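Scroll down for the structure; my scribbles are underneath it.
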Number of protein chains: 2
Amino acid sequence: MPLDTAKTTERRSAVIKALGHPSRLLIAESLMNGEQCVCDLKELVGSDMSTVSKHLSLMREAGVLNCEKRGLNIYYSLACDCLGEFLRCVDKLACGGNKNTCC
Amino acid sequence: MPLDTAKTTERRSAVIKALGHPSRLLIAESLMNGEQCVCDLKELVGSDMSTVSKHLSLMREAGVLNCEKRGLNIYYSLACDCLGEFLRCVDKLACGGNKNTCC
DNA sequence: CATCTATTTGGTTATTTAGCCAAATAGATG
DNA sequence: CATCTATTTGGCTAAATAACCAAATAGATG
């Protein structure tokens with residue numbers, strides 16, 4: 001059973017990285033309730049709008065988000081409905097962390 | 001429906017980060033076939049052993065890996081059997097990334 | 001067309017993360 | 001007990017990431 005090519009690994013890790021920053025994770029979770037524009041997300045995260053914008057671009061480039069301009073705003077939304085499942089996996093992985101007293 | 005506390009978000013993102021580096025992802029995937037010692041993983045990753053060791057510590061601290069010393073070696077293993085499911089989610093998220101031509 | 005609003009981009013600095021080497025540790029073996 | 005082996009730790013440098021501010025852009029509105 002061969003491991004993935006380096007390219008697949010890079011791609012996967014880009015997706016994972018896109019969700020591995022606290023602000024970005026918060027954004028993704030919030031978008032589970034539906035699309036939001038940048039200024040909404042700026043409120044949520046509490047950083048400068050340019051910072052939020054950059055987080056959003058990164059997530060979009062990784063394929064995690066889509067965006068659509070309507071009127072004055074740009075609305076971001078999850079590109080895939082599987083984030084909930086993803087987070088359940090993360091939480092399961094997270095609680096493996098109790099018994100690691102060794103070495 | 002309130003979002004998580006900051007602490008939960010930090011914890012989750014630590015787990016996600018622990019898997020979001022190419023070398024670490026490779027390690028995790030390889031451990032799906034069973035435990036391995038540091039020098040095996042050094043071969044796999046192709047970095048200095050100290051570098052690999054630091055990746056492993058980080059993953060262990062995040063709760064993703066366990067380790068156990070036997071004889072001269074320290075064997076690392078996945079702390080949770082849900083990594084396969086996690087990766088399936090990642091791949092689904094990854095292929096959302098085709099249609100994002102907008103803005 | 002001038003202006004206003006929402007967002008992105010560029011530039012800069014600070015912080016974090018990764019990698020390597022050398023030295024320390026801990027346990028096994030002669 | 002001296003030594004050997006596998007791993008970790010500390011120190012350092014380089015590279016990547018994050019944050020902010022100021023300026024640019026693009027589209028809506030008067």
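For clarity, every value in this text was computed on a predicted model and none was experimentally measured. Chain naming here is simple, since letters A, B, ... match the order of the sequence lines and numbering starts at 1 in each.
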Residue pairs meeting ring pair (Phe, Tyr, Trp, His ring centres under 6.0 Å), one or both in residues 14-41 of chain B, sequence neighbours left out, come to B/His21-B/His55
Residues pairing under ring pair (Phe, Tyr, Trp, His ring centres under 6.0 Å) where one sits in residues 26-47 of chain A, two or more places apart or in two chains, turn out to be none
By nearest-nucleotide position on DNA chain D, the 5'-leaning member of A/Arg24 and A/Leu72 is A/Arg24
Is any side-chain N of the basic residue among A/Glu85 and B/Lys92 closer than 4.0 Å to the acidic one's carboxylate O? yes
Within the sub-3.5 Å range, which N or O atoms of nucleotides 19-23 of chain C have a protein N or O partner, and how far apart are they?
residue : atom : partner : partner atom : Å
C/dG19  : OP2  : B/His55 : NE2          : 2.7
C/dC20  : OP2  : B/Asp48 : N            : 3.0
C/dC20  : OP2  : B/Thr51 : OG1          : 3.4
C/dC20  : N4   : B/Lys54 : NZ           : 3.0
C/dC21  : N4   : B/Ser50 : OG           : 2.9

When rounded to whole Å, the OH to C1' distance for the pair A/Tyr75 and D/dG27 reads 14 Å
Next item on the list: Indicate whether any N or O donor in one side chain lies under 3.5 Å from an N or O acceptor in the other, for A/Thr5 and A/Thr8.
Entry: yes
What residues 36-43 of chain B contributes to the DNA chain C interface at heavy-atom separation below 4.0 Å is none
Whole-Å distance, A/Leu25 CG to D/dT17 C1', equals 17 Å
Taken to the nearest whole Å, CE/B/Met59 to P/C/dT17 is 15 Å
**Asked** Are the side chain of A/Ser57 and the backbone of A/Ser53 linked by a donor-acceptor contact shorter than 3.5 Å?
**Response** yes
_With a 4.0 Å limit, can you tell me whether A/Asn73 has a side-chain N or O closer than that to the phosphate oxygens OP1/OP2 of C/dT7?_
yes
note: B/Glu61, atom CD; D/dT9, atom C1'; distance rounded to Å ~ 12 Å
Below 4.5 Å, heavy atoms only, C-beta onward: do B/Cys82 and A/Leu93 meet side chain to side chain? yes
Those residues at least two apart in sequence (or on a different chain) that pass side chain to side chain contact (heavy atoms under 4.5 Å, CB included) with B/Ala28 are B/Leu19, B/Met59, B/Leu78, B/Leu83
Whole-Å distance, A/Leu58 CG to C/dT8 P, equals 13 Å
Here the distance between atom C1' of C/dT15 and atom NZ of B/Lys17, to the nearest Å, is 11 Å
Worksheet item: Does some side-chain heavy atom of B/Leu56 sit less than 4.5 Å from a side-chain heavy atom of B/Leu41?
Response: yes
For DNA chain C, consecutive-pair runs of 3 or more (Watson-Crick or G-U wobble, both H-bond-type distances under 3.5 Å) give C:1-30 with D:1-30
Separation of D/dC20 atom C1' from A/Met49 atom CE, nearest Å, is 13 Å
* **Presence of salt bridge, B/Glu35 and B/Arg70, under 4.0 angstrom** => yes
### Message
Less than 4.0 angstrom between a side-chain N/O of B/Tyr76 and OP1 or OP2 of D/dT8, yes or no?
### Response
yes
So does B/Glu10 pair up with B/Lys17, basic N to acidic O under 4.0 Å? no
(request) Would you mind reporting whether B/Gln36 and B/Glu43 have side-chain heavy atoms less than 4.5 Å apart? (result) no
From CD of B/Glu68 across to P of D/dT8 the rounded distance in Å is 14 Å
